[in-house]
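First the structure, in the form of C-alpha cells, and then the observations on it.
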Number of protein chains: 2
Amino acid sequence: MERGTSPVIEPGQIDREAGVATAQPSPCGELGWAINMVFRAFRQRASASLADLPGGPRGYLVLSAVAHDLPRSQLALAQQLAVDKTAMTYLLDALEAAGLVERRPDPADRRQRQIVLTSTGRSALAEFGERLAEAEQRLLSALAPEEAYAFRQFLDRVARSTKEVTEPCTVEEIPDPGVGLCP
Amino acid sequence: MERGTSPVIEPGQIDREAGVATAQPSPCGELGWAINMVFRAFRQRASASLADLPGGPRGYLVLSAVAHDLPRSQLALAQQLAVDKTAMTYLLDALEAAGLVERRPDPADRRQRQIVLTSTGRSALAEFGERLAEAEQRLLSALAPEEAYAFRQFLDRVARSTKEVTEPCTVEEIPDPGVGLCP
DNA sequence: TATTGTTATACTCTATAACTATA
DNA sequence: TATAGTTATAGAGTATAACAATA
C-alpha cells in the first residue's frame, strides 16, 4: 500500500489550466465531501451506539422529539424530523411494540394520534442518550472544546435555516440552542 | 396549520423529571438531527444543481478528485470518497460513457486502471462547480461570511479526522484546506 | 373535498459475495 | 495466495400512490 509504485505518468493534459486554485489534495476542501464524510461517520457511530434501540438513530430522534415537546401527531413529528409520514408509521410501530411510546387518540381530532413517551421510553432515552453523547464527543474529538461548541452552534443554525421556511422550531425559541449534550 | 387546535392535554407522566436540561425545543440541539438536516438539504440542492451530470453529486466528487490529484486507481478513488468499489464501477461507467473520464490501463500493474479527466470532463467540472458553489452559498446563507468560513474549516477537520486512521489526505497536506469555493 | 394515518409498491443506495485477470 | 476490477444479488431507505377514517 506504499506509494512506491506510484507511477510516473505525466498528468497529461490534466491540471494544466487549473488556475482557480493550485491543485488541492483531492476532494478535501469540497463542502459536499466533508458533509458526506461527517454524516456517514456519525451515522455509523450512532448506529453502533443505538443498535439495541428499535428504530436505530431515527428511533432515537423520535424519542427525543417526543420527550422534549408536547404530544404531537405523527405527521407533525414526521415533518419535524424530515422523514416521510409512511416511514414514521413503521418507526412508531417498532417503538410502540417495544413499549417505548404510546399512540393515543386525539380527543379533539380523532384522525390524529398523539405520541407520548412511556416511562420505559424515558429511561431508554436517558440511557441511549449517554451512549450517544460519547459517540458525539468522539466524532468531534478533532476540535477543541470551544471549537466543538461553535461548530455545534453553526451546524444547528444551518440546519434550522433549511426548514425555517416551513415551520420554525417552536415559534419563539430560535435564538440560543441549549447546544451542549442535550438529553 | 395554526397551533390553535393544539390540545390542552396534560403532558401526563412525561417530562416530569427531565432533570438534565429543561425541556428544549424538540430535537433541535441534537447533533444527529442537525447533521441529518444539513446533509439532506445539501444533497437535495446539489442533486438539483447537478441533475445533468451522469453520477449526480457523487459523480461530481469523482471528477473533482480526479482533477485535483494524480491519476489514481479506482480502488484508491473509492476509498478516498468512501464509496464502495462496486459503486465506483457504476459511477465510472456513467462518467466514461459521457466522455468525462477515461480508464487507462496502468502500465506498471495491468490489474489497475488509471482514471484521468478528459477535456470535456474538465470543462464540465468547471461549469457544474459554479452551480454547486451557488448551492453551497445558499445552504450556508444563515451564517455570516466569517462564520461560514470557520464552519467549513471545522467541518473539514472533523471529516478528515474520521478517515485519518486509514490514510491521510496526501500525507503532508493536512493543515490549511484551501477552503473557499475550491474548484 | 381535504387531512391523518395505513398499506402496498417501486426505486435508489448500499453491502455482500462470486468471478476474472493479473500479480 | 492476494489484489483490482467486474458482475449479480439482496437488503435498507426512501418516495409514490391508493385506501380508510374523520373532518
Distance in angstrom units between [X] [atom1] and [N] [atom2], rounded:
| X | N | atom1 | atom2 | answer |
| --- | --- | --- | --- | --- |
| A:Gln112 | C:dT3 | CD | P | 12 Å |
| B:Met88 | D:dT7 | CE | C1' | 17 Å |
| B:Leu75 | D:dA2 | CG | P | 16 Å |
| A:Arg113 | D:dA20 | CZ | P | 16 Å |
| B:Leu81 | C:dC13 | CG | C1' | 16 Å |
| B:Asp106 | D:dT3 | CG | P | 17 Å |
| A:Arg72 | C:dG5 | CZ | P | 12 Å |
| B:Leu92 | D:dA4 | CG | P | 15 Å |

(request) Please determine if B:Asp156 and B:Arg160 form a salt bridge, counting it only when a charged side-chain N lies under 4.0 Å from a carboxylate O. (result)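 Yes, charged N to carboxylate O under 4.0 Å.
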(request) Salt-bridge test for B:Arg138 and B:Glu134: reply yes if a basic N is under 4.0 Å from a carboxylate O, no otherwise. (result) no
Quick one: does [X]'s side chain have a donor or acceptor within less than 3.5 Å of a partner on [Y]'s backbone?
| X | Y | result |
| --- | --- | --- |
| A:Arg104 | A:Val116 | no |
| B:Arg131 | B:Ser49 | yes |
| A:Arg157 | B:Ala142 | yes |

Under 3.5 Å, N/O pairs linking protein and nucleotides 21-23 of chain C:
| unit_1 | atom_1 | unit_2 | atom_2 | d |
| --- | --- | --- | --- | --- |
| C:dA23 | OP1 | B:Arg110 | N | 3.2 |

(request) Classify the angle between the aromatic ring planes of B:Phe151 and A:Phe151 as parallel (below 30°), tilted (30 to 60°) or perpendicular (above 60°). (result) parallel
Should [X] and [Y] count as side-chain neighbours, where that means a heavy-atom distance under 4.5 Å?
| X | Y | value |
| --- | --- | --- |
| A:Ser73 | A:Asp106 | no |
| B:Ile35 | A:Leu139 | yes |
| A:Leu95 | A:Val66 | no |

(request) Indicate, with a heavy-atom threshold strictly under 4.0 Å, whether B:Ser73 touches base, sugar-phosphate, or nothing. (result) sugar-phosphate
(request) Compare side-chain N and O positions of A:Thr89 against OP1 and OP2 of C:dT6 and report whether any pair is under 4.0 Å apart. (result)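 Answer yes for this pair, as a side-chain N or O of A:Thr89 is under 4.0 Å from OP1 or OP2.
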(message) Taking only side-chain N and O atoms of B:Gln74, does any of them lie within less than 4.0 angstrom of OP1 or OP2 on D:dT6?
(response)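 For D:dT6, OP1 or OP2 has a side-chain N or O of B:Gln74 closer than 4.0 Å.
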Taking N or O atoms only and anything under 3.5 Å, show me the protein contacts with nucleotides 10-17 of chain D, one pair per line.
| unit_1 | atom_1 | unit_2 | atom_2 | d |
| --- | --- | --- | --- | --- |
| D:dT14 | OP2 | A:Arg58 | NH1 | 2.4 |
| D:dT14 | OP2 | A:Arg58 | NH2 | 2.9 |
| D:dT16 | O4 | A:Thr86 | OG1 | 3.4 |

